[in-house]
Structures are given as structure tokens and as C-alpha cells.
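Report on the following structure.
Just so we're on the same page: letters track the sequence lines, and every chain starts at 1. Any value given below was found using the heavy atoms of this structure, including those in side chains, with hydrogens, waters and symmetry copies removed.
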Number of protein chains: 2
Amino acid sequence: MPRKNLVSKEENAADVLPRPTLRTVAAEAGLAVTTVSRALADDPRIAEATRKRVTEVANRQGYVPNRAAQRLRTGRTKVISLLLNTRHEYLSFTSEFLAGMSEGLQGTGYAINITADSLGGDRLDVIRQIRRHSLADAIVFTRTECFDDRVRYLLEHGFPFVSHGRTDFTTPHPFVDFDNEAFVRQAIERLVQKGRQHICIVMPNERYTFGQHLRFGARQAAISCGAQLTIPEGVDLDSEPDEIAATLRALHAGPDAPDGYVCVGEVMALITLAGLNDMGLTPGKEVDLVAKRASPISNHFRPRIETVDEDLRATGRAMAEVLLARIDGRPMEEMQVLLKPNGPFSISG
Amino acid sequence: MPRKNLVSKEENAADVLPRPTLRTVAAEAGLAVTTVSRALADDPRIAEATRKRVTEVANRQGYVPNRAAQRLRTGRTKVISLLLNTRHEYLSFTSEFLAGMSEGLQGTGYAINITADSLGGDRLDVIRQIRRHSLADAIVFTRTECFDDRVRYLLEHGFPFVSHGRTDFTTPHPFVDFDNEAFVRQAIERLVQKGRQHICIVMPNERYTFGQHLRFGARQAAISCGAQLTIPEGVDLDSEPDEIAATLRALHAGPDAPDGYVCVGEVMALITLAGLNDMGLTPGKEVDLVAKRASPISNHFRPRIETVDEDLRATGRAMAEVLLARIDGRPMEEMQVLLKPNGPFSISG
DNA sequence: CAGCTCATTTATAACGTTACAACAAAAATT
DNA sequence: AATTTTTGTTGTAACGTTATAAATGAGCTG
């Protein structure tokens, strides 16, 4: 039980100095605390010479404003809450997305706070608490629905947010979205070009706006390409992989089986590949498959598949930028970002 | 430019009431602010009747302590920083782990803060800042190395942390780890049981402590099973998938190719599967493969593989518990958790 | 009943910051 | 030269909490 080992050892000189505050800076610069505060905030009332001296002293002392004090005084938190989807997410979405957001917020002083969606309970509760108790300056979330209750609530209360995905509300709001319409069109065109006639889209429920966009894009593309289209029910973001596999199996057992598959995401692709394999079908031979790709691991699916790329890190970065724009009150045009699929096609493997 | 739509509409009654504070509660209860503060903190100096009345009034008013004020006053942040590895992480690690930590911290008032590791720069910088400026009460990180500089720094300064993985330092410290030794032993035993004689472990670099454990366990198991063992160099957590594939190919081109593979993680498994496939080898026929599994997606690898499970959500929960134990100053035994592989074997698919 | 202890409660100050009103001195106006 | 204006700076208060010291009053002791 050598607990003593955990006790901090002799602090070195730099550590033992009192943490610099506005007071210590003001004292050294021979100014009032208020003046220092203003100088560091680039307040126009401060003379240039004073500002310069203050920043110099502040830097020398290694002054960093105390977040808690700022927060208490101003009510602003310098925190951005990311609503984490705590259902199983099997691929890299969260990780890459977070990394992108971190990059985008670098140097702004904003911290990212993970808030788990309340499992079971009303998912608005979490958001209400954030707003009521000023736990964050803005909120970010994913899996946006056509008439998303979170968007509605946040718009109604004028609370800053950025959604990953659009809504069907008439009131415009900040978002970052991937052009799923373009993706699915490209995917279908490619499959038709390879001679496929009956396309199946393995994609999540229509509850999500991006599901609608996919449907719309798919229908358009199917018509213009003269292809048949099947969009099976019972495939959703939170479906058990086995359910999805069963759905595909049932589809194939029917009279009129698809010969081309578009998979929205790598998990869907993996499940589809397994399903096809189990039915004795090989992509590249009897059928073809195009998937949305967000990581290099799909390069290692066998048989190889074709992909269209979505850059999740760039998505995270864009979210951060839009968030800052929203907080700064910049115009709506700068806060609605539609990211294009990366390159028309990249053959994996 | 319909910005007006974003402006908050008429606040409803509940919103317009002043945010309850200790003062409002004290006023209504006819007590001093200090008394209320103590009552809510379960201070033994407060009479039972008073405490009861206070909690009642506080609940009715919907009082929630102001974090910023508490933080300013006490210096404690009620924040836990998770150091996010911003290199590419292609599978569900971050997401599941975070979900588990959230669960474990539910109701404790602790928030999880994501701090990206400083790309390029000294990775200790981030940690130093957290400590210097009291940005968090504790730190969590993964990919722990045998003589991890982060662990050393944090131990030296007595700053609370929990590492995912152990170190080789003599000073004990809080950690949560997976029993990789048991995992690799089980995996090898299974492969030998299937008649395999030459086992290849596809695993990350020995820099990481868990890499060492894997090596150790593998050697022991190989000896006791009488199997040959190969651990290729050049496979690491941050290796490009293509590099790993090339390594395996080279290995197989050699005079004495392995016939059994242990893959530490699903990405490794996928890459290995692809490599074997490309070389015309089929698991279950010429070779066999056992992988560590942390998500159900490996059920959909084809050909099917056998797996040993690691529960990342449970890992996150354990991290949270250990963290709280550390902050509470509980004894070291409660803060060193070794999670066992889940069940001896589960045949996927 | 004075003196003392103990159990509660209270007043005050402080954490570090920023908003606000006030101020002094220099510059511009009359 | 007296005034207003401008420029730059300062002092005070407050955000909501907790630590510390002080105060109150009841109960007990001698």
C-alpha cells in the first residue's frame, strides 16, 4: 500500500510561484486591474503603449485568464457540448469527427464537452439542462431528422447549435451536411455503367433527413439511368447487423433480386458483403457494390468494392467553423455547409 | 437572410424566473446562505430538520449549484479530461469507450472534456496545461507505454489520472487494463487445438505495455503448446493498413509460413483476412485466425473467424469508477483493474 | 445563577474576472 | 480663459460559491 508514492514531490520553482492573475500583472505593470483586463481584451479605450506593456508583462508572467472566473462573471462558458450517441457506433465516426472538431477549435479557447444522450429518457432533457444551467455556449449533434425536436427546441430558444445534417423546417439554421444526393447518384450511375439494372440501396430509415436525400437522389438517378430501384425497409442506423443481413436475404429470396448494391457506410457494406457471400454471390461477378467510405479500412474488404469518399475529419472541422460563426453572429450563408463527395470515384484496394 | 428567425421567441414563465441560487433558496427558507450551502453539502454541523427543509426548498426552486462559482471558489473543476488520440482510429474504440465513461460518471456531476493530443508538439504540453491551469480534476488516456512519460509526469506531480494499460514503473498507479496475456494464450491454445503449428501474432509494437504482455503470453503459450511463434516487426497501431498487408505478404513469401494467426483487434483482422485472401489462403482451410473482438461487426467478416471478446464499454465504465476512487483517495487496490476476456471463446457469425 | 460546553447558525471575506460609473488630464471648442 | 469634449485610466461592485471566524442560544455543571 505504498500510497506515499502518489504524493507529489518537491515542487520546482516555476510551480511554486503563485498563479499569475490580473492582479499580479497589474501590480507589476503599475496599473489598475481593470486596465489590464481591458488591455488584454483589446478594448479600444486603452492606449497603444499601455496595451503593449501589459501584454508584455502578462506574457512574461505566463498569465492565462481563469476560466471559472470569466465564466462566472460573463456567463459564457467557452465550452461546446457534443451530444454523443451512446448506441453502438461501430466505425470511426465519433473518433474522426472529434479529431476534426478539435482541429477546428484549436486556439479558440473552446473546449469540447461530451454529453451522453440520456438513454431511455427524453433526449431533450440533456439539452434543456445545458441551456438552463449554461453548461455550454453551443451544442453539436448528429443524426438530424427531418423535423428534429432538438433543432426545434434550440431554434425556439435561440440557443447556438450546429447540426450534422439538415432539417425540413422552413426556418434556416446552421448545419454541416454531406451531399448524399450526389453520392447516391454517382453510385447508381457507376453501377448502371457496369451493366446493373436493379439497384438496392442499403441505407438507414427515412426518419433522418439524409435518408430522404438519399431516397430522392436515388429515385432521380434511377429514372435518368432507366434502372429499377429497391430500398428495403427495416434497415436503420441502430439495426442489429443480423437484422440487416436477414432483410437482405429475404430480398434476395424474392422473385426479382437486385444485382447492384449501394451501401451507405462501411458497416452496411460489410454486412451486405457477408450477406451476399452467404448467398453465394460475388461482387464483381453476379452483382456489384458501391459504398460510402470514411476510412481506409474498406480497402481491405474482400472482394474489393468501389467507394465514394466522405471526409469525416473535414466534417468535424467544418462543424467547428460554423459553430464559431454562429457564436460570432455571422450571416446564415456562412453557416450552411454542404460537403461534396470526395472525387467522383475511387476504386478501393 | 431571415436572421430574425433565430432570435429567441417569447420566453415562457418557467424560463423567465431568475435562476435559483443559494441566495434565493436561503431567502425562501429564512436561513443564511452559508447554512444552505452546508445543508446541501451534508455538513454534519447542520440540524437534520434544517437540512430537510433546505433540500425541499432547493428542489422546489430547481436549484442547481453554479459550476463556475464552485470551481472558482474551490479550485476543483468537476471535469475529467480524456486525451484523444487524433491519429486515425478506424474502429469503435473512442465511441464505445466514451459511452462507457459517460455511463460510469452518470450522476456524479463530472463532465468529460475532450483534449486532442498536440499533433507534432510535445504531448506532455497538453497535460502540463491541464495541470497548471486546473483545466480538469483528472486525466484519462490510452495507449500506455512501458515507461510512459505521461504517467511519470502525472505521478511526479501527484495529479490524478487513470491510464488504459499498465506501465513497468515500480511506483503503483491507477489503471484499467485488458488481460491481453490471457487473450493471447486462449487464442493460441485454440489455434493449436485446431492443428496449427506455426502461429503469427499480428499485433502492435512492443513500445506499448500491452504489446509486451502479448509477447510474454504468446511465448508462454507457444512453449506449453509446443508451437512455433512469429511476431512480425513493422506492425503498429498507427501503421498504414497497406504496410501491414505488405508485412504479412513478405512473411508468407518466406520459407516457413505461419498457419495460424492471432489478430489483436478487428482492423488487424480485416487486414490479415484481406492479405490471406490475396495470397489464396482461406481461414478454416489452409490457415486459421483468431481475433480480439470489440464489436459485433467482426461477425460479418468472411470467411468467418473466431474471436475473443473485449468489452470496451465496460472498460470505459471501469475507468470512470477508478477515476472517482482516485479522486476520493481510496486505496490502490481498488484502482487497479484487470478485465478478463469475455468468455473463453465465441465463434462468430 | 454564573460559567462553561456543545450544537447550530450567521456574517464576512475571498476566489478572479468584467461591467459600470466615476474620474483626471489632455485636447478641442467657444 | 472658461467650457466642453475626448482620451485614458481607476475604483467599486458584482457574478455564486465556500472557508473561516464569530455569534447565538440551549443545556449542563458546580
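A straight line from CG of A/Leu22 to C1' of D/dC15 spans 15 Å, rounded to a whole angstrom. Look at NE2 on B/His133: it is 17 Å from C1' on C/dC15, rounded to the nearest Å.
A distance of 4.0 Å separates CZ in A/Arg152 from CZ in A/Phe169, rounded to the nearest 0.5 Å. Residue A/Leu31 holds its CG atom at 12.0 Å from OG of A/Ser37, rounded to the nearest 0.5 Å. Once rounded to the nearest 0.5 Å, the distance linking CD of B/Gln129 with CG of B/Leu124 reads 11.5 Å. Summarising the geometry, atom CG belonging to A/Leu83 is positioned 9.0 Å from atom CD1 belonging to A/Ile114; distances are rounded to the nearest 0.5 Å. Rounded to the nearest 0.5 Å, atoms CG (B/Leu82) and CG (B/Asn113) are 9.5 Å apart.
Residue A/Arg76 has its side chain nearest to C/dA19 when only C/dG16, C/dT18, C/dA19 are considered.
A 6.0 Å sphere centred on CZ of B/Arg87 holds no more than 12 heavy atoms belonging to other residues, nucleotides or ligands.
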For nucleotides 7-12 of chain D, print each protein N/O atom paired with a nucleotide N/O atom at under 3.5 Å, atom names and distance only.
from   : atom 1 : to      : atom 2 : distance (Å)
D/dT9  : OP1    : A/Thr50 : OG1    : 2.5
D/dT9  : OP2    : A/Ala47 : N      : 3.0
D/dT9  : OP2    : A/Thr50 : OG1    : 3.2
D/dT10 : OP2    : A/Ala32 : N      : 3.1
D/dT10 : OP2    : A/Thr35 : OG1    : 2.7
D/dT10 : O4     : A/Arg38 : NH1    : 2.9
D/dT10 : O4     : A/Arg38 : NH2    : 3.3
D/dG11 : N7     : A/Thr34 : OG1    : 3.4
D/dG11 : O6     : A/Thr34 : OG1    : 2.9

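Closest heavy-atom contact between B/Tyr110 and B/Val79: CD2-N, 3.8 Å.
With the end axes of the helix from C/dC1-D/dG30 to C/dT30-D/dA1 each set by five pairs, the angle from one to the other reads 60° at 10° resolution.
The phosphate of C/dT17 has neither OP1 nor OP2 within less than 4.0 Å of any side-chain N or O from A/Ser37. Residue A/Gln70 has a polar side-chain atom (N or O) positioned under 4.0 Å from OP1 or OP2 of C/dT18.
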**Study point:** side chain to side chain contact (heavy atoms under 4.5 Å, CB included) assessment of A/His157 paired with A/Arg131
**Key:** CA-CA 9 Å; A/His157 293 89; A/Arg131 186 181 84 88; 3.2 Å; yes
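Applying the 3.5 Å distance criterion, the base of D/dT17 shares no donor-acceptor pair with the side chain of B/Arg73.
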